[in-house]
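Letters A, B, ... mirror the listed sequences (proteins, then strands); counts begin at 1. All values reported here derive from a predicted model rather than from experimental measurement.
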2 protein chains.
Amino acid sequence: MTIRVLVADDQSMVRAGFRMLLGNEDDIEVVAEAENGAEAVDKAARFDPTVILMDIRMPEMDGLEATRRILAADSDARILILTTFDLDEYIYEALRAGASGFVLKDDPPEQLIAAIRTVADGDALLSPGVTKRVIKRYARTPRPGPPIELDELTAREQDVLRLIAQGLSNGEIGEQLFISETTVKTHVTHVLQKLNLRDRVQAVVLCYQAGLFDPDE
Amino acid sequence: MTIRVLVADDQSMVRAGFRMLLGNEDDIEVVAEAENGAEAVDKAARFDPTVILMDIRMPEMDGLEATRRILAADSDARILILTTFDLDEYIYEALRAGASGFVLKDDPPEQLIAAIRTVADGDALLSPGVTKRVIKRYARTPRPGPPIELDELTAREQDVLRLIAQGLSNGEIGEQLFISETTVKTHVTHVLQKLNLRDRVQAVVLCYQAGLFDPDE
DNA sequence: TTTCGCCTCCTACTCGAGTAGGAGGCGGCG
DNA sequence: CGCCGCCTCCTACTCGAGTAGGAGGCGAAA
């Protein structure tokens with residue numbers, strides 16, 4: 001089955017470049033082009049592409065907003081964000097918008113083509129330069145001491161910690177768990193003692209830095 | 001310049017497989033093998049490899065601990081984590097330990113070789129299946145309201161927010177910024193008002209969920 | 001059965017956080 | 001110049017967070 005591609009970029013040179021580049025691949029076909037975000041949203045609906053190459057900086061509507069709208073419209077297109085600038089803000093916002101991947105325009109051509117096939121397959125992808133950045137976000141947390149002995153916490157204490165990490169007050173936690181605020185305080189105290197923290201603020205910081213309780217599932 | 005590789009895996013079959021696989025590449029040379037973590041640490045120091053293929057599950061010392069030790073010893077080897085299981089916990093812990101990348105043993109051979117070259121070049125890399133997972137961690141945060149108008153905060157207020165997000169108390173923030181705790185409180189109040197939050201705990205949650213102030217730089 | 005850990009809840013207390021409201025200094029801008 | 005926004009600092013107050021210490025119930029393991 002051929003991969004149907006929509007190229008959304010405001011520079012016609014870039015679009016032509018992709019047509020040329022992808023023309024040689026017989027499993028990939030450029031079915032439409034768009035020169036701004038609004039047009040991309042429209043054509044995504046009409047041409048039902050497998051993959052959308054989406055520039056970020058575009059007139060009318062930028063690529064991030066277009067990405068959000070296309071996915072909100074229940075399209076099953078995979079969106080590959082494409083940009084010259086590898087600025088951090090873009091990356092995270094794009095991923096949050098629901099993009100499946102991220103490549104830089106000056107990545108080598110083979111890599112771009114490989115990227116298209118990868119996301120078409122349903123896999124996600126970040127170009128190496130981008131991946132490096134993402135990894136750096138994880139390659140932190142040089143906390144001293146043991147790796148976080150979450151196991152030392154009882155089930156109830158973990159429940160409480162989870163809710164603390166969501167910003168709830170003791171009273172709110174009590175309501176959630178159907179126990180009194182007093183009891184919540186008891187659990188909080190134990191959590192702080194066991195994890196050697198001063199207050200709930202530090203507990204929140206720890207949870208996030210350690211990647212605990214992230215909405216993975 | 002040839003890429004010097006150290007293969008650390010407890011199964012000799014796997015090590016032999018890599019020797020075979022990499023033997024055909026004339027820019028890659030397997031300079032040593034290790035069958036447990038302790039041995040990997042030792043040989044990393046003695047053979048000065050460019051890239052270390054590191055299994056996670058190994059007797060004596062696991063690959064994560066070995067990774068930490070090798071990097072703690074100031075080696076400039078790039079470590080590529082290698083495992084059969086693509087369990088989440090491993091990924092994040094491995095990246096936190098300082099690994100440059102992560103591949104699954106059943107990734108196609110070409111991909112493994114490409115991965116070695118990629119990390120040797122200084123780029124970071126996650127195999128597609130893994131990348132998907134990492135992306136999922138970012139593809140959340142459907143916060144309501146405006147995208148977070150950080151700009152609405154004055155420079156000082158941003159300073160304070162940054163320190164709040166690190167778990168500091170008002171007094172500690174005052175020390176850091178050389179201002180009185182009273183003044184810090186004033187800033188905190190303004191931050192909370194502007195961002196429409198109840199207390200500093202929610203501010204911390206917001207910062208992390210929005211990806212603000214992460215130690216990227 | 002006795003012991004032990006966990007969960008529950010309580011009072012009484014301390015202390016940091018946050019609010020309210022005001023005030024002075026400083027620099028930019030019309 | 002005068003206004004205004006920002007930064008600084010203050011008092012006085014309220015309230016939630018966290019500590020200390022104790023207590024009862026319950027289920028599992030010795």
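- Looking at A:R46 and A:E39, no side-chain N of the basic residue comes within less than 4.0 Å of a carboxylate O on the acidic one, giving no salt bridge.
- The pair A:E35-A:K43 fails the salt-bridge criterion, with no side-chain N (NZ, NE, NH1 or NH2) lying under 4.0 Å from an Asp/Glu carboxylate O.
- B:H187 has a side-chain polar atom (N or O) that falls below the 4.0 Å cut-off from OP1 or OP2 of D:dT8.
- At least one side-chain heavy atom of B:L64 sits less than 4.5 Å from a side-chain heavy atom of B:I56.
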Protein proximity profile, nucleotides 10-30 of chain D - base contact B, sugar-phosphate-only contact S, no contact -, cut-off 4.0 Å on heavy atoms
BB-----BBB-----------

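- When side chains are defined from C-beta on, B:T67 counts as touching B:I81, because their heavy atoms get closer than 4.5 Å.
- Of all non-hydrogen atoms in A:K185 and A:N170, the two that sit nearest each other are CG-ND2, 3.8 Å.
- A:V188 has its side chain within reach of A:V184: a pair of non-hydrogen atoms, C-beta onward, lies under 4.5 Å apart.
- Rounded to whole angstrom, the span from the CD atom of B:Q158 across to the C1' atom of D:dC7 amounts to 15 Å.
- A:D159 places its CG atom 13 Å from the C1' atom of C:dC6, with the value rounded to the nearest Å.
- When the C1' atom of D:dC7 is taken as reference, atom CZ of B:F178 falls 16 Å away, rounded to whole Å.
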